[in-house]
Amino acid sequence: MALAITDYPDFSRLLENNEAPSKATIDQVNELLEEPMKELRSIQAEIRHLATLIQNLKEKEQATQATINLYNKILSPARRVPLEIWSEIFYHCLPTQRNPIMSTSDAPLLLTRICSAWRSAALSSPRLWARLHIPFACDTQENRRQDFARKMKQRSEGVKYWLSRSGTCPISLSVLYTSYNRE
């Protein structure tokens, strides 16, 4: 069993001040350091070995978790939700204070961009497409009227496509027309 540093009175005294140790003390301390240094190297080697084992285990854990995640995707309860339920959930995603607008950042168009199953469910839910708000503005300057006519033609095609999905549901339309003159 190794002796503690406090077992050497000269060492204890040197720890309490800044005196230079004698050559004999330096030699004695270097000799006494051999065993703890050897033990420290052994401990550090074991730590490196254990760190490598831990890293390998972490990599195995991540790979195993990735496999579990893939299987869980297959088992996801959302995959077994009937179309009628999705339709009802989607219906409750529509704005309540106004009719929906033709924007991919708003339901129902937003819902068609999540995944193919949601796209299919949304496109086959007539109630989602029975309400529409159509805002447009008209510039009264002559050179912009042609641009307005082109935009209106595009918009009317979009409205036709939107409402064709509404099936036999009653339709609710709101239109906001703004006229302005830029000068």
Flag yes if more than 12 heavy atoms outside Gln44 fall under 6.0 Å of its CD atom; otherwise flag no. yes
_Cluster check Ile26, Phe11: I/L/V/M/F/W/Y, side chain < 4.5 angstrom_ = no
Interatomic distance, CZ@Arg48 vs CD@Glu46, rounded to 0.5 Å, equals 11.0 Å
Discussion item. Using a 6.0 Å cut-off, check whether atom CZ of Arg113 has over 12 heavy atoms from anything other than its own residue.
Written reply: no
More than 12 non-hydrogen atoms from neighbouring residues, nucleotides or ligands closer than 6.0 Å to CE on Met152, yes or no? yes
ILVMFWY network linking Val175 to Tyr161, side-chain heavy atoms under 4.5 angstrom:
no
Applying side chain to side chain contact (heavy atoms under 4.5 Å, CB included), run through Leu50 and Leu53 and close with a yes or a no.
CA-CA 5 Å; Leu50 292 174; Leu53 288 176; 4.1 Å; yes
Minimal heavy-atom distance between Trp129 and Ser125, with the atoms involved, is CD1-O, 3.2 Å
Does any non-hydrogen side-chain atom of Asp27 lie less than 4.5 Å from one of Glu31? no
**Prompt:** Parallel under 30°, tilted from 30 to 60°, perpendicular over 60°: which one fits the rings of Trp86 and Trp118?
**Reply:** tilted
Self-check item: Heavy-atom check, side chain of Trp162 versus side chain of Leu128, under 4.5 Å
Solution: no
To the nearest 0.5 Å, atom CG of Asp106 lies from atom CG of Asn99 at 11.5 Å
| task | Keeping the roles fixed (side chain from Ser120, backbone from Ser116), state whether a donor-acceptor pair exists under 3.5 Å. | result | no
Taken in chain and number order and not counting sequence neighbours, the residues that satisfy salt bridge (Lys or Arg N to Asp or Glu O under 4.0 Å) with Glu16 are none
Tightest non-hydrogen contact, residues Pro108 and Pro100, listed as CD-CB, 3.9 Å
Between Gln65 and Glu61, do the side chains contain a donor N or O and an acceptor N or O under 3.5 Å apart? no
message = Is it true that, when you exclude Asn17 itself, more than 12 heavy atoms of the residues, nucleotides or ligands shown sit nearer than 6.0 Å to its CG?
response = yes
- Message: Please check: side-chain N/O of Arg165 versus main-chain N/O of Ala122, any donor-acceptor pairing under 3.5 Å?
- Response: no
Does His49 NE2 have over 12 foreign heavy atoms under 6.0 Å away? no
Here the salt bridge (Lys or Arg N to Asp or Glu O under 4.0 Å) pairs for residues 63-82, sequence neighbours left out, are none
Here the gap from Glu35 atom CD to Leu33 atom CG, rounded to the nearest 0.5 Å, amounts to 11.0 Å
Nearest heavy-atom contact between Ala130 and Ser166 is CA-CB, 3.7 Å
Handout entry: Hphob cluster co-occupancy, Leu32 + Leu15, side-chain heavy atoms under 4.5 angstrom
Key = yes
Value for CG (Leu14) from OG1 (Thr25), rounded to nearest 0.5 Å, stands at 6.0 Å
inquiry  = Could you check whether any side-chain heavy atom of Pro21 comes within less than 4.5 Å of a side-chain heavy atom of Val29, counting everything from C-beta outward?
reply    = no
Item to check | Cluster overlap Ile114 with Tyr91, hydrophobic side-chain contacts below 4.5 Å | outcome: yes
d(Leu111 CG, Thr104 OG1) to nearest 0.5 Å is 11.5 Å
Is it the case that one hydrophobic cluster holds both Phe90 and Leu94, taking links as side-chain heavy atoms less than 4.5 Å apart, direct or via other members? yes
* Basic-acidic side-chain contact under 4.0 Å: Glu157, Lys160 -> yes
Arg127 meets the salt bridge (Lys or Arg N to Asp or Glu O under 4.0 Å) criterion, sequence neighbours left out, with Glu88
To the nearest 0.5 Å, atom CG of Leu176 lies from atom CD1 of Ile134 at 11.0 Å
